[in-house]
Amino acid sequence: MKKEMILTESSTSSNEILRFVTDLKVWLQTPIKWLQGYYSSVLEKEVSERQASYITQSQMAFILTIFPIFNSIIIQGSMLLWLLYSLYKCKKG
C-alpha cells in the first residue's frame with residue numbers, strides 16, 4: 001500500500017503582510033493620539049506626539065520613583081535620574 005500526502009502551499013501575499021503591518025501601526029498609535037488630545041485639552045495648547053511622550057514618561061518615572069517596586073537603591077537611583085531627565089526633556093521639549 002502506497003501512502004501519499006499532498007501538501008498545499010499557502011502563499012501569503014506581500015500586500016496582506018503590508019496591510020497587517022499598517023493596521024498594527026494604526027492600532028498602536030491610537031492611545032498615543034488619545035493622550036496627545038487629552039494633554040492638549042488639559043494644557044489648553046497644542047501638544048505634539050513627542051511632547052505627549054515626554055509627559056507620559058515623566059508620569060511613569062514619577063510613579064516608579066515615589067512607589068518603589070524594587071528594594072535596590074541602584075534601581076531607585078536610576079528611576080530618580082530618569083525622572084529628572086524626563087522633566088528636563090518636558091521643559092526643553
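Throughout, numbering of the chain's residues begins at 1 and tracks the sequence.
In this structure, Ser86 contributes its side chain and Tyr54 its backbone to no donor-acceptor pair below 3.5 Å.
Annotation: the span from Thr30 atom OG1 to Lys25 atom NZ amounts to 12.0 Å, rounded to 0.5 Å. The CD1 atom of Ile66 sits 9.0 Å away from the CD atom of Gln76 when rounded to the nearest 0.5 Å. In this structure, Lys92 NZ and Leu87 CG are separated by 14.5 Å, a value rounded to the nearest 0.5 Å. Atom CD of residue Glu16 and atom CG of residue Leu18 lie 11.0 Å apart, to the nearest 0.5 angstrom. For the atom pair OG1 of Thr65 and CG of Leu83, the computed distance is 4.5 Å after rounding to the nearest 0.5 Å. Residue Cys90 holds its SG atom at 8.5 Å from CD of Gln51, rounded to the nearest 0.5 Å.
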Item to complete: Check step by step if side chain to side chain contact (heavy atoms under 4.5 Å, CB included) holds for Ile32 and Ser53.
Response: CA-CA 8 Å; Ile32 296 169; Ser53 171; over 6 Å; no

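Residues Trp82 and Leu64 are in side-chain contact: their nearest non-hydrogen atoms beyond the backbone lie under 4.5 Å apart. For the pair Gln57 and Lys89, the minimum side-chain heavy-atom distance is 4.5 Å or more. Within the 4.5 Å cutoff, side-chain heavy atoms of Ile55 are placed close to those of Gln59. Within the 4.5 Å cutoff, no side-chain heavy atoms of Tyr88 are placed close to those of Leu84.
Every pair tested for salt bridge (Lys or Arg N to Asp or Glu O under 4.0 Å) that includes a residue from residues 34-47 fails, sequence neighbours excluded, so the list is empty.
When all heavy atoms of Tyr39 and Thr56 are compared, the pair lying nearest together is OH-OG1, 3.3 Å.
In this structure Tyr85 satisfies the ring-ring contact (aromatic ring centres under 6.0 Å, His included) test with no other residue, sequence neighbours excluded.
Cluster membership for Phe62 and Met60, using ILVMFWY side-chain heavy atoms within less than 4.5 angstrom, is not shared. A continuous path of Ile, Leu, Val, Met, Phe, Trp and Tyr side chains, each step under 4.5 Å between heavy atoms, connects Met79 with Ile69, placing both in one hydrophobic cluster. Under the 4.5 Å side-chain heavy-atom criterion for grouping Ile, Leu, Val, Met, Phe, Trp and Tyr, Ile75 is not connected to Ile73 through any hydrophobic cluster. With hydrophobic clusters built from ILVMFWY side chains whose heavy atoms lie under 4.5 angstrom apart, Val42 shares a cluster with Trp34.
Counting heavy atoms of neighbouring residues, nucleotides and ligands inside a 6.0 Å radius, atom CD1 of Ile74 does not exceed 12 of them. Annotation: Asp23, atom CG; neighbour count of heavy atoms from other residues, nucleotides and ligands within 6.0 Å is above 12.
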